[in-house]
Amino acid sequence: MTRPFIFPGLSTRVVFGHGTLAQVPDEVARLGHARALVLSTPHQESEAQALARQLGDKAVGVFAGATMHTPVEITDQAVAAFRAASADCVVSLGGGSTTGLGKAIAMRTGADQIVVPTTYAGSEMTDILGETSGGAKTTRRDPAIRPEVVVYDVDLTLTLPVGLTVTSALNAIAHAMEGFYAPDRHPVTEALSREAMVAFRDALPVLVQDPQNNQARARALYAAWGCSLTLGHVTMALHHKLAHVLGGSFGLPHAETHAVLLPHTTAYNEPAVAGLLRPIAETFGGSAGAGLWTFAKSVGAPLRLVDLGLREADLDRAATLATANPYANPRPVSRDGIRHLLQQAYDGECPAAAHE
Ligand code: NAD
């Protein structure tokens with residue numbers, strides 16, 4: 001029987017291809033704007049400067065201070081630069097950190113956003129903004145946060161280091177994984193998430209050997225789009241909660257943390273939703289959790305929280321924080337269960353499908 005669903009519609013315009021960076025000036029004009037502030041991290045400043053030159057008189061400057069977890073102090077500086085330059089939109093060139101800064105500016109100024117993603121993290125299609133202030137990270141959802149235009153240029157991902165290629169892809173797969181059992185999933189997220197699993201499975205082993213492989217880069221970026229769309233349209237659960245706790249309260253790196261947790265959070269929920277996670281099991285082989293762990297290992301992903309800087313003494317507090325407030329999850333979230341999950345992720349063991 002066809003499951004009832006609500007499809008909220010898609011509001012973000014997407015341009016996907018090779019060399020599409022050249023279309024950014026037209027996209028700015030298409031939105032009716034003429035004064036773009038280009039955003040990047042310090043690491044990608046030269047690319048941002050080149051894009052500003054390409055925009056010519058449609059660019060009013062570059063702000064290259066984007067950083068992980070969108071600290072409000074940086075946002076304040078960027079908003080001041082946006083206002084001082086009388087900018088009328090932002091062009092965010094980079095990964096999730098740069099996209100986050102663009103969203104934070106948009107929330108404060110109403111600016112339209114054009115995002116040019118260069119990782120697979122998947123922030124560009126979402127209405128989600130995480131910000132840090134005084135060491136605490138808060139996340140909110142608002143339609144005003146969702147970017148107006150996303151320009152995917154495969155060529156820009158050729159420089160993504162192999163390590164970040166792998167962890168960023170697993171970060172994206174985590175969006176699809178939780179999308180499969182999200183209560184508000186719909187056929188668009190289900191279909192794209194299925195396609196994304198297969199595309200990442202095929203592309204990642206190629207990219208580990210040959211990071212410049214154009215076809216595999218295209219497959220991976222296409223998969224990232226599907227996962228980002230899923231993240232932006234459905235409700236996330238245990239996996240994203242745990243990643244948020246480990247990143248926000250223990251300072252663990254974003255993509256790597258998602259990568260390590262993914263097989264374990266999948267295995268935790270699998271007994272409750274094995275049928276819904278079947279696309280993952282079928283794609284990667286074995287059970288969904290063990291299949292993801294084996295795949296992650298085969299592409300050289302980090303497997304142990306200890307390697308990301310977490311201390312074993314932190315596991316109790318992490319389990320307590322992750323279970324302090326109730327939230328919807330397909331399998332009941334117990335403190336003992338999460339403590340066990342974290343221990344397995346800390347040690348890097350292949351997760352066995354847990355039983356309720
Ligand atoms: P990132 O944006 O911090 O990028 C990591 C580093 O890689 C940076 O120095 C960046 O300049 C560099 N880099 C990016 N693309 C590159 C390329 N193609 N070649 C060479 N270097 C490149 O990392 P990320 O994992 O993309 O993003 C993580 C951040 O995104 C976190 O703050 C996370 O909370 C946020 N995020 C938010 C959402 C959302 O929906 N709100 C979704 C996913 C991630």
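Numbering of ligands and ligand atoms starts at 1, following listing order.
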- Message: Checking side-chain polar atoms at under 3.5 Å, does T118 have a donor or acceptor matched by the opposite partner on Q44?
- Response: yes
- Message: Using a 3.5 Å cut-off on N or O atoms only, is I128 in polar contact with ligand 1?
- Response: yes
- Query: Got more than 12 heavy atoms from elsewhere within 6.0 Å of CZ, R141?
  - Reply: yes
- Task: Can you pull out the closest protein heavy atom to atom 3 (O) of ligand 1? Residue, atom name and distance to 0.1 Å, please.
- Result: S97 OG, 2.5 Å
- Note on the structure: atom 26 (O) of ligand 1 has as its nearest protein heavy atom T119 OG1, 2.7 Å
- May I ask you to check whether T98 has an N/O atom sitting below 3.5 Å from an N/O atom of ligand 1? no
- Message: Can you report which non-hydrogen protein atom sits closest to atom 9 (O) of ligand 1, along with the distance?
- Response: H43 CB, 3.6 Å
- Message: Geometry only, no angles: is S168 polar-contacting ligand 1 at N/O separations under 3.5 Å?
- Response: no
- Polar contact flag, side-chain donor to acceptor under 3.5 angstrom, R35-S86: no
- Note on the structure: Going by the 4.0 angstrom heavy-atom rule, the piece of H69 near ligand 1 is both
- Query: Are the charged groups of R339 and D336 less than 4.0 angstrom apart, N to O?
  - Reply: no
- Query: Hey, which atoms in ligand 1 end up nearer than 4.0 Å to a heavy atom of G95?
  - Reply: 2 (O), 26 (O)
- Query: Considering only heavy atoms, does L160 approach ligand 1 within less than 4.0 Å through its side chain, its backbone, both, or neither?
  - Reply: both
- Among protein heavy atoms, which lies nearest atom 15 (N) of ligand 1, and at what distance? T118 OG1, 2.7 Å
- Item | Whether over 12 other heavy atoms sit under 6.0 Å from E349 CD | yes
- Query: Can you say whether the rings of F16 and Y222 are parallel (under 30°), tilted (30 to 60°) or perpendicular (over 60°)?
  - Reply: perpendicular
- Task: Distance to 0.1 Å, residue and atom name: give those for the protein heavy atom nearest to atom 39 (C) of ligand 1.
- Result: S123 OG, 3.3 Å
- Item | Protein heavy-atom partner closest to atom 24 (P) of ligand 1 - residue, atom, separation in Å | G96 N, 3.6 Å
- Closest protein heavy atom to atom 11 (O) of ligand 1, given as residue, atom name and distance to 0.1 Å: T41 OG1, 2.6 Å
- Query: Please walk me through it: do L158 and N214 pass side-chain contact (heavy atoms from CB on, under 4.5 Å)?
  - Reply: CA-CA 8 Å; L158 294 173; N214 243 311; 4.3 Å; yes
- Message: Taking the ring of H240 and the ring of H244, is the distance between their centroids below 6.0 Å?
- Response: no
- With a 4.0 Å heavy-atom cut-off (strictly under), which part of L231 contacts ligand 1: side chain, backbone, both or neither? side chain
- Please work out whether any backbone atom (N, CA, C, O) or any side-chain heavy atom from C-beta onward of K137 is under 4.0 Å from ligand 1, and answer side chain, backbone, both or neither. side chain
- Query: Where is the nearest protein heavy atom to atom 43 (C) of ligand 1: which residue, which atom, and how far?
  - Reply: A121 O, 3.4 Å
- Using distance alone, decide if ligand 1 has a nitrogen or oxygen within less than 3.5 Å of any nitrogen or oxygen in H175. no
- What residues form a side-chain contact (heavy atoms from CB on, under 4.5 Å) with T20, not counting sequence neighbours? V15, Q23, V151, D153
- Item | Numbered atoms of ligand 1 (with element) below 4.0 Å of T126, judged on heavy atoms | 39 (C), 40 (O), 41 (N)
- Message: Check whether F200 forms a cation-pi arrangement with R219 (NZ or CZ under 6.0 Å from the six-membered ring centre, at most 45° off the ring normal).
- Response: no
- Query: With backbone taken as N, CA, C and O and side chain as the heavy atoms from C-beta onward, which portion of L164 lies under 4.0 Å from ligand 1: side chain, backbone, both, or neither?
  - Reply: side chain
- Item | Sidechain N-carboxylate O distance under 4.0 Å for D316, R335 | yes
- Got a salt bridge between R108 and E131, using NZ or NE/NH1/NH2 to carboxylate O under 4.0 Å? yes
- Item | ligand 1 to G122 polar contact by distance, N or O atoms, under 3.5 Å | no
- Task: Please work out which of M236, E45, Q44 has its closest non-hydrogen atom nearest to atom 22 (C) of ligand 1.
- Result: Q44
- Query: When you look at NE2 of H186, are more than 12 heavy atoms from neighbouring residues, nucleotides or ligands closer to it than 6.0 Å?
  - Reply: yes
- Go through ligand 1 atom by atom and flag the ones less than 4.0 Å from a non-hydrogen atom of K103. 39 (C), 40 (O), 41 (N)
- Message: I'd like to know if E270 pairs up with R331 as an ion pair, taking the criterion as any Lys NZ or Arg NE/NH1/NH2 lying under 4.0 Å from an Asp or Glu carboxylate oxygen.
- Response: no
- Message: Distance under 4.0 Å to a non-hydrogen atom of H254: what atoms of ligand 1 satisfy this?
- Response: 28 (C), 31 (C), 33 (C), 34 (O), 44 (C)
- Message: Quick check on contacts: which atoms of ligand 1 are under 4.0 angstrom from a heavy atom of L156?
- Response: 18 (N)
- Which of the atoms of ligand 1 are close to T159, meaning less than 4.0 Å from one of its heavy atoms? 17 (C), 18 (N), 19 (N), 20 (C)
- Message: Does the plane of the ring in H254 sit parallel, tilted or perpendicular to the ring in H69? Use 30° and 60° as the thresholds.
- Response: perpendicular
